Structures are given as structure tokens and as C-alpha cells.
Amino acid sequence: MEEAFVLRIGVFYDGTWFAYLSDFYATVHPRSARISLEGFHDALRWHVHTETGRPFEECLVPEAHYVRGRIDTPATSFDTALATAGVTRHDLPLPGGKEKGVDVHFALEVWDRATTSPLQWVVLVTGDADFTPLADRLTARGVTVVVPVVEARMPWFPSSSPPEWTPRTAAPLRAAATSAPAFDDLFAPADHPDSPLRSPFVRSREAAASPAGTPRGRRRGTVTGWQAGQPHGFITDTRGGSWFASRDDLPGNRTTLPTGTPVSFTGSPTPPPGHRYPRAYSIRPE
């Protein structure tokens, strides 16, 4: 296909936020499945196709990037999924179990690829208000910026309000985007029996929805930062996410855990209001 006829889309993943999103769909949403990267890219291409009227075949994703802190011994299954979907992974260190420099790296990568590739559409898979200036600069340059969101009203949820661990998108970021379609609306076209799109979901034996809307099962990870004498530390889960750990959630009379200790724990992957990291509960050394 000639380059002049291709509409170039770039998809950029804030890895930690995307992990929360995928957990949400696997454990809370009626879909009861994690998000397929290849299917998600097809859903985005279809969205661009319907918004612009351009043929679906001309709406391509030549750039996809995933930015996140990374532990020394991560799970390899997600690496395979990234590679299969053509997503470039950008790993940053986790000093003391905390992500540092991820936001800056993410913003620079988006700007560099959008301006040098170049890209006509940019999809920001994040909810962080820190990326509002980035969205503003991209739209000022003529780039269409899409920030998909989890819809605020969920008719399928028994409560009048969404659960507190629902992935949120900051209002300033939504306002700065060209459009902010709901993830459910993006995924819906693939449900049609004649759809040419790949499924946006992949089922896992570990992904089961709780009818009460609460994530089930225990997570696993490793203590990656806990200084002697400190009342808290950090755990990095098997997918690279950082969790705040308090001595109040340790078993027995323990007041600390050495760095490198494998643990299991429970908790919502969405940070409490006003906090950067989710909190781990019922921590048990393995």
C-alpha cells in the first residue's frame, strides 16, 4: 500500500495504568477477560475508519509503545504478547520498588514518534493529568489525540456508582484530547458476527469476574524496597506494578520484610484517592 494513502496511528501505553485497566476488565467487568493488544489495535483502527471515512485497510498502527518500570525477573508471557502485537517495550528501573522517570520517558517517546514518524493520530492509553500538556501540544500541531476512558455510568453494575478501583481518567486530560471514546464503545464492533476485527479480549484461567464486583484471588510479587526501621516498603508484582506495603498488613509480629522476599497479597490495583500506588493487604511471605 502506498505511503501517501496510509493513515498512521500511534498507540502509547502507560504500562501501569494499562495493567489496572486489564485487571478491571478481567475481574470486575462482565467481559471477564483481559484485553488483547492485537484486538485493541483493530478496535482503534475501526474507530479511526468510522471517524474519517477512510478504508479500514488504510488505517494502520505502525507505532505502538509500552512504557513501564521493570523488575529483574518479570513474567515472560506478557513480553510475548507485546512482541506478537508489534509493541515496543521501554523498560525503566525500579529503584526501591518505585517507578521513576516513567512519565518523562513516556511523554518524550510520544512526542518523538508523533513528530518524526510522523503520526496523524495518537492514542494515549493513560489517565494521568501530567500528560495534559503533551495532548495540548500534539493537537496544536494538528495531530488527532484520542484518550479512551472507562465510562462513568455502568448499567451492568448493580450499584449506582462504579467501584472505587475503576481506572480513572483525569478531567484535564479528557478535555485536552480531541476525543475520549469509552473503551466499551471501542470494543463493541468486534461483537458483530460479520466483523472483520480480531477479538479485543483474551481469556485466562486466572481471569474470573466476581459477581460482587470485587477482585478475587491473591496476587504475587517480590519485596523490592523496605529499609530497616521503616514502617512501610514496596512490592513489585509479577507484571511489574508497584504496590505500597505497610507493616500493619504483615502477619504475626513482623514489622518488616527483607528485600527480595517473595510474597502473596490482596488489594485493588487502583491507587486510593490522593495516592500514587495501590496498597497491598494481607501480605504473606511465600
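Keep in mind it's a predicted model, so treat the numbers as computed, not measured.
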* Side chains of Leu37 and Leu82 in contact at under 4.5 Å (non-hydrogen atoms) -> yes

* Is the backbone N or O of Ala114 less than 3.5 Å from a side-chain atom of Ser117, with the two atoms forming a donor-acceptor pair by type? -> no

* Side-chain contact test, heavy atoms from C-beta onward, threshold under 4.5 Å: evaluate it for Ile235 versus Arg219 and give yes or no. => no

* To do: Would you check if the side chain of Arg8 reaches a backbone N or O of Pro118 as a donor-acceptor pair within less than 3.5 Å?
  => yes

* Taking it one step at a time, do Glu51 and Ser179 satisfy side-chain contact (heavy atoms from CB on, under 4.5 Å)? -> CA-CA 11 Å; Glu51 289 292 307; Ser179 65; 5.9 Å; no

* Short side-chain to backbone donor-acceptor contact, Ser195 and Asp191, under 3.5 Å -> no

* To do: Output, in order, the C-alpha distance, side-chain angles, deciding distance and verdict of side-chain contact (heavy atoms from CB on, under 4.5 Å) for Ile9 and His41.
  => CA-CA 9 Å; Ile9 309 163; His41 290 179; over 6 Å; no

* Within the distance-only criterion (no hydrogens, no angle test), does the side chain of Asp42 pair as donor or acceptor with the backbone N or O of Leu197 below 3.5 angstrom? -> no

* **Which atom of Leu173 lies closest to which atom of Ala135, heavy atoms considered** => CD1-CB, 4.3 Å

* Asked: Can Thr144 and Val48 be said to form a side-chain contact (heavy atoms from CB on, under 4.5 Å), step by step?
  -> CA-CA 10 Å; Thr144 301; Val48 174; over 6 Å; no

* Arg254 vs Ile283, side-chain contact (heavy atoms from CB on, under 4.5 Å): CA-CA, chis, key distance, verdict -> CA-CA 11 Å; Arg254 289 178 178 266; Ile283 304 168; over 6 Å; no

* To do: Keeping the roles fixed (side chain from Arg45, backbone from Cys59), state whether a donor-acceptor pair exists under 3.5 Å.
  => yes

* Asked: How far apart are the C-alpha atoms of Trp17 and Asp128, what are their side-chain angles, what is the distance that settles it, and do they pass the side chain to side chain donor-acceptor pair (under 3.5 Å) test?
  -> CA-CA 8 Å; Trp17 197 87; Asp128 197 331; over 6 Å; no

* Quick one: pull up CG in Leu44 and CH2 in Trp121 and give me the separation to the nearest 0.5 Å. => 10.0 Å

* For the atom pair CG (Leu7) and CG (Leu60), what is the distance rounded to the nearest 0.5 Å? -> 8.5 Å

* Asked: Under 3.5 Å, is there a donor-acceptor pair between the side chain of Arg89 and the main chain of Asp79?
  -> no

* Asked: If you round to the nearest 0.5 Å, how far is CG of Asp184 from CD of Glu151?
  -> 4.5 Å

* Thr256 vs Trp226, side chain to side chain donor-acceptor pair (under 3.5 Å): CA-CA, chis, key distance, verdict -> CA-CA 7 Å; Thr256 186; Trp226 201 319; 3.3 Å; yes

* Structure fact -> In Thr139, Val122, Leu138, the residue satisfying side-chain contact (heavy atoms from CB on, under 4.5 Å) with Thr178 is Thr139

* Asked: Sub-3.5 Å donor-acceptor pair from the side chain of Thr222 to the main-chain atoms of Thr224, do we have one?
  -> no

* Backbone of Arg54 reached by a side-chain donor or acceptor of His49 within 3.5 Å -> yes

* Non-hydrogen side-chain atoms of Phe106 and Val110 separated by less than 4.5 Å -> yes

* **Heavy-atom closest pair, residues Tyr20 and Pro278** => OH-CD, 3.0 Å

* So do the side chains of Phe183 and Pro200 get within less than 4.5 Å of each other, counting heavy atoms only? -> no

* **Check: Trp46 main-chain N/O paired with Thr50 side-chain donor or acceptor under 3.5 Å** => yes

* To do: Answer whether the closest heavy-atom distance between the side chains of Thr16 and Val102 falls below 4.5 Å.
  => no

* **Atom of Val263, atom of Pro285 and distance for their closest heavy-atom approach** => CG1-CA, 4.0 Å

* To do: Carefully, step by step, assess Phe12 and Phe131 under the rule ring-ring contact (aromatic ring centres under 6.0 Å, His included).
  => CA-CA 12 Å; Phe12 298 88; Phe131 299 122; over 10 Å; no

* **Rounded distance [0.5 Å steps], CZ in Arg68 versus CG in Leu92** => 12.0 Å

* Structure fact -> Distance col, row Thr259:OG1 vs Gln227:CD, nearest 0.5 angstrom, shows 8.5 Å

* To do: Compare every heavy atom of Arg279 with every heavy atom of Ser246, then report the nearest pair and how far apart it is.
  => CB-NH2, 3.4 Å

* Structure fact -> In terms of heavy-atom contacts, Ile35 and Phe187 come closest through CD1-CZ, 4.1 Å

* **Contact check, side chains of Ser36 and Arg198, non-hydrogen atoms, under 4.5 Å** => no

* **Side chains of Glu38 and Val202 in contact at under 4.5 Å (non-hydrogen atoms)** => no

* Asked: In a check of side-chain contact (heavy atoms from CB on, under 4.5 Å) between Pro167 and each of Val149, Asp23, Leu21, which one passes?
  -> Leu21

* Smallest separation among heavy atoms of Asp136 and Ala176, with atom names -> OD1-CB, 3.3 Å

* **Euclidean distance, His90 NE2 relative to Glu109 CD, rounded to 0.5 Å** => 4.0 Å

* Please determine which of Tyr281, Phe234, Trp243 meets the ring-ring contact (aromatic ring centres under 6.0 Å, His included) test together with Phe265. => Trp243

